[in-house]
Visitor: 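Sending over a structure as C-alpha cells; questions will come in a sec.
Along the sequence shown, residues are numbered consecutively beginning with 1.
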Amino acid sequence: MATSLITEIPIFVFSSQLREIEFSTDLDKVIITLEYGTTEIFRTTLYAYNGNVTLINIAEVIEDYMTKNDLVFTAFTMYYNNADGTNLGSFNLNTLFCTHIIEAQAGVFGSYNFLTKLTAKRVPLHSTDFLSLFHGQESGPLKIHAVYEAEDGSIGNKTFTLKTITTDDIGVSAIEVKYDTIYLRLRLQAGKVSKVLSYTIEFNNRYFTYYVVDNTPNVVFTFKNSFNVYEEIYLNAVTTTKTEVNRSMAISQGRHSFYDQSVDKIYEVETAPMTQAEAEWVEQLFMSHSVRLGTATDPDTLPEVIITDSTCEIDDNDEKLHKVKFTWQFVEHRPHLQTSARTDEQRIFTEPYNHTFN
C-alpha cells in the first residue's frame, strides 16, 4: 500500500478549514513538509496508527506565517516523504486567510461576497473605506447604485460605473471607496445634488451597501479583519482618557526631585447603541492583530494601537440596544500628543457666541 492523501482538499480553502489532513500509508512514519515557494516553513514526522497518519491544526502554522508576511491569499505546497527523504507525493493548499470557521468553500464564498462579515455599513460624510475582494481572472464594471437628496429636497437615484476592474491572476484586491469621489461623480451625472444618502457597490455578483449618516464619529479605527484585510470602523462613542504618572522621588541637598518617570495613558470607550450585526462585527476589532487609529489611503502610516480590554455582550433580543465597551492605548509607551490639522478657514471662529451659564 502506497502513501496517499485521504482528506479531500478544495481548490481554494480557508485557513480555518485546515483542521485535519489524513494520509493512508504502509510505512511506520511519514515526514510532512510545508513550503511557500522555495521556503520550507514547517516540517514534522508523523507515526502511523492502523495504516493512517493525521496532521492536526496546520492552520495555526499557516495563519502565523501569513500574518507575519502580510499575506491574504497564497499557494502553499505540502510534501509527504519517507524516512530517507524520498518524496512520495505533494499537493497544493490554495489558502485564503480566515480566522473564523465558515461552512462554505472559499471559492464559492469569494465569488458572492466581499471579504467582510458585513453586507452593509453606516459611514459619515466624507468617509473613506476599503472593500476587499477575492477574485479569479475576472473583469467587469465596478458599479455604484446611489440614492441622493437634490438641492430642492427631492430624492433621486442613479447608477453609474465608477471604473472597470481587470484582474489577470487569482488573488485579493482592495477597492478604496470614497464618499467624496462618489459625490462628485453623482453631480456630473445628476446635476444639483445636495448629499448622498446611500450607495451600493456592485462587482460581479458581489454587493455592499453604505448608509450615510450626518453625525460625525468620535472614534475611527482601521484594522485587519478576520480575512487579514484592512477595514474601517466609525464609532459614535464617549471616550474617557485616563493618565497615570509613575515616578520615584529623591531628596538631595535638601531639595526634592523626581526620577524614573513613566506615563501610562489609556482611553476607555463606550459606544452608542448599535445593531446586533454591527456589535458582532466589532468583535473582530478586539481580535485583530493590527489596529490603527484613524483612516488614510495608506493605513500603514497611521499610529498603531492595541485593544487592552473589551466587553461585548450580544443577545438575540430584538428590543435590546447593544453597546460595546473597550479600552485602547498606543503601542508606544511614550504618550502621544494628538492634534488635528486644520485649514486657515477652519481656524476662523464663525459660530455665534452664547453664554453657557447665566
Side-chain angles (χ1 to χ4, degrees), residues 3-25 29-48 52-82 85 87-111 113-117 130 132-136 167 169-174 223-231 283-291 299-300 304 306:
T3 301
S4 59
L5 177 67
I6 297 177
T7 304
E8 183 178 350
I9 306 293
I11 296 176
F12 304 111
V13 60
F14 287 120
S15 60
S16 57
Q17 293 175 334
L18 296 173
R19 305 166 205 172
E20 292 186 356
I21 299 179
E22 189 174 4
F23 303 83
S24 63
T25 184
K29 60 183 178 180
V30 177
I31 299 173
I32 304 294
T33 62
L34 182 69
E35 295 186 7
Y36 173 60
T38 59
T39 303
E40 181 179 293
I41 63 174
F42 177 76
R43 174 183 288 265
T44 190
T45 300
L46 301 177
Y47 291 87
N52 290 338
V53 294
T54 304
L55 180 64
I56 299 175
N57 206 11
I58 190 65
E60 290 187 2
V61 175
I62 288 177
E63 289 173 359
D64 182 65
Y65 185 84
M66 295 181 75
T67 299
K68 290 179 179 178
N69 292 277
D70 199 27
L71 300 172
V72 182
F73 169 79
T74 195
F76 295 94
T77 304
M78 182 167 285
Y79 296 90
Y80 42 102
N81 313 302
N82 65 16
N87 179 248
L88 304 174
S90 65
F91 56 92
N92 289 332
L93 293 174
N94 299 310
T95 308
L96 182 62
F97 187 100
C98 184
T99 57
H100 291 59
I101 294 176
I102 299 178
E103 299 299 342
Q105 290 192 11
V108 175
F109 178 90
S111 298
N113 297 275
F114 290 99
L115 297 183
T116 175
K117 184 182 186 301
F130 287 101
S132 296
L133 61 94
F134 174 64
H135 55 74
T167 59
D169 57 2
I170 300 171
V172 174
S173 297
F223 70 100
K224 290 287 186 74
N225 65 12
S226 59
F227 299 100
N228 203 29
V229 296
Y230 277 122
E231 195 168 1
E283 281 185 333
Q284 295 189 21
L285 173 68
F286 307 148
M287 303 174 188
S288 176
H289 63 86
S290 178
V291 182
D300 291 336
E304 193 170 2
I306 55 174

Visitor: Answer with yes or no after comparing the ring centroid distance for Phe42 and Phe76 against a 6.0 Å cut-off, counting only values under it.
Guide: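 Ring centres of Phe76 and Phe42 not closer than 6.0 Å.
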Visitor: Run Ile31 and Tyr79 through side chain to side chain contact (heavy atoms under 4.5 Å, CB included) and show every step you take.
Guide: CA-CA 8 Å; Ile31 299 173; Tyr79 296 90; over 6 Å; no
Visitor: What verdict does the side chain to side chain contact (heavy atoms under 4.5 Å, CB included) test give for Glu63 and Thr95, after you've listed the backbone C-alpha separation in whole Å, the side-chain angles of each residue and the deciding distance to 0.1 Å?
Guide: CA-CA 10 Å; Glu63 289 173 359; Thr95 308; over 6 Å; no
Visitor: Can you confirm whether Gln105 is buried at CD, in the sense that more than 12 heavy atoms of other residues, nucleotides or ligands lie under 6.0 Å from that atom?
Guide: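 Atom CD in Gln105 is not crowded, with 12 or fewer foreign heavy atoms closer than 6.0 Å.
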Visitor: Just by distance, no angles: are the side chains of Thr99 and Ser226 close enough, under 3.5 Å, to form a donor-acceptor pair?
Guide: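 Distance-only check fails for Thr99 and Ser226.
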Visitor: Give me the atom names and distance for the closest heavy-atom approach of Ala59 to Ser15.
Guide: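 Of all heavy-atom pairs spanning Ala59 and Ser15, the closest is CB-O, 3.1 Å.
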Visitor: Between atom CD1 of Ile170 and atom CZ of Phe134, what is the distance when rounded to the nearest 0.5 Å?
Guide: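 Here the interatomic distance stands at 6.5 Å.
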Visitor: To the closest 0.5 Å, what do you measure between CD (Glu20) and CG (Asn57)?
Guide: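 These two atoms lie 9.5 Å from each other.
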Visitor: Is any side-chain heavy atom of Phe23 closer than 4.5 Å to a side-chain heavy atom of Val30?
Guide: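 Side-chain contact under 4.5 Å: no.
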Visitor: Would you check if there is a donor-acceptor pair between the side chains of Asn52 and Ser24 at a distance under 3.5 Å?
Guide: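 No pair is found: no donor N or O on one side chain lies under 3.5 Å from an acceptor on the other.
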Visitor: Do the non-hydrogen side-chain atoms of Phe130 and Pro299 ever get within less than 4.5 Å of each other?
Guide: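 Of all side-chain heavy-atom pairs linking Pro299 with Phe130, at least one is under 4.5 Å.
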Visitor: State, yes or no, whether a side-chain contact exists between Asn225 and Lys117 at a heavy-atom distance under 4.5 Å.
Guide: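 Asn225 vs Lys117: side chains apart.
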Visitor: Starting at CG of Leu88, measure out to CG of Asn81 and round the result to the nearest 0.5 Å.
Guide: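 It comes to 6.0 Å.
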Visitor: Considering all heavy atoms of both residues, which atom of His135 and which atom of Asp169 are nearest to each other, and what is their separation?
Guide: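 Answer, listing the atom of His135 first, then Asp169: ND1-O, 3.3 Å.
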Visitor: Applying side chain to side chain contact (heavy atoms under 4.5 Å, CB included) to Ile62 and Leu34, what does each step give before you reach the verdict?
Guide: CA-CA 9 Å; Ile62 288 177; Leu34 182 69; 3.7 Å; yes
Visitor: Please give me the minimum heavy-atom distance between Gly107 and Phe12, naming the atom from each residue.
Guide: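 Heavy-atom minimum between the residues: N-CB, 3.9 Å.
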Visitor: Among Leu93, Thr7, Ile56, which one satisfies side chain to side chain contact (heavy atoms under 4.5 Å, CB included) with Leu18?
Guide: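 Looking at Leu93, Thr7, Ile56, the match for Leu18 under the side chain to side chain contact (heavy atoms under 4.5 Å, CB included) is Leu93.
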Visitor: Can you classify the ring geometry of Tyr80 versus Phe91 as parallel (below 30°), tilted (30 to 60°) or perpendicular (above 60°)?
Guide: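 The rings of Tyr80 and Phe91 sit tilted, inter-plane angle from 30° to 60°.
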Visitor: Just by distance, do the side chain of Ser16 and the backbone of His100 share a donor-acceptor pair under 3.5 Å?
Guide: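 Present.
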Visitor: Quick one, Tyr230 and Lys224 - any side-chain contact, counting heavy atoms below 4.5 Å?
Guide: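 Heavy-atom side-chain distance check passes, below 4.5 Å.
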Visitor: Going from OG1 on Thr25 to CG on Asn82, what distance comes out if it is rounded to the nearest 0.5 angstrom?
Guide: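 It is 9.0 Å, given to the nearest 0.5 Å.
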Visitor: If only atom types and distance count, is the side chain of Gln17 paired as donor or acceptor with the main-chain N or O of Ala104 below 3.5 Å?
Guide: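 Yes; at least one donor-acceptor contact below 3.5 Å.
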Visitor: State whether the side chain of Asn228 and the backbone N or O of Thr67 hold a donor-acceptor pair below 3.5 Å, judged by distance alone.
Guide: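 No; zero donor-acceptor contacts below 3.5 Å.
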Visitor: Take Val172 and Phe227, measure what side chain to side chain contact (heavy atoms under 4.5 Å, CB included) needs, and give me the verdict at the end.
Guide: CA-CA 10 Å; Val172 174; Phe227 299 100; over 6 Å; no
Visitor: Rounded to the nearest 0.5 Å, what separates atom CD1 in Ile41 from atom CG in Asn69?
Guide: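 It is 8.5 Å, given to the nearest 0.5 Å.
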Visitor: Can you tell which of Leu46, Ile6, Leu5 makes a side chain to side chain contact (heavy atoms under 4.5 Å, CB included) with Glu22?
Guide: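 Only one of Leu46, Ile6, Leu5 forms a side chain to side chain contact (heavy atoms under 4.5 Å, CB included) with Glu22, namely Ile6.
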Visitor: Please determine which of Leu96, Ile101, Ile102 meets the side chain to side chain contact (heavy atoms under 4.5 Å, CB included) test together with Cys98.
Guide: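 One option only clears the test, and that one is Ile102.
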Visitor: Quick one: closest heavy-atom pair of Tyr36 and Tyr65, and the distance?
Guide: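 Scanning both residues, the minimum pair turns out to be CD2-OH, 3.2 Å.
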Visitor: Is the shortest side-chain heavy-atom distance between Leu55 and Met78 below 4.5 Å?
Guide: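 The answer is yes, as the side chains (C-beta and beyond) meet within the 4.5 Å cut-off.
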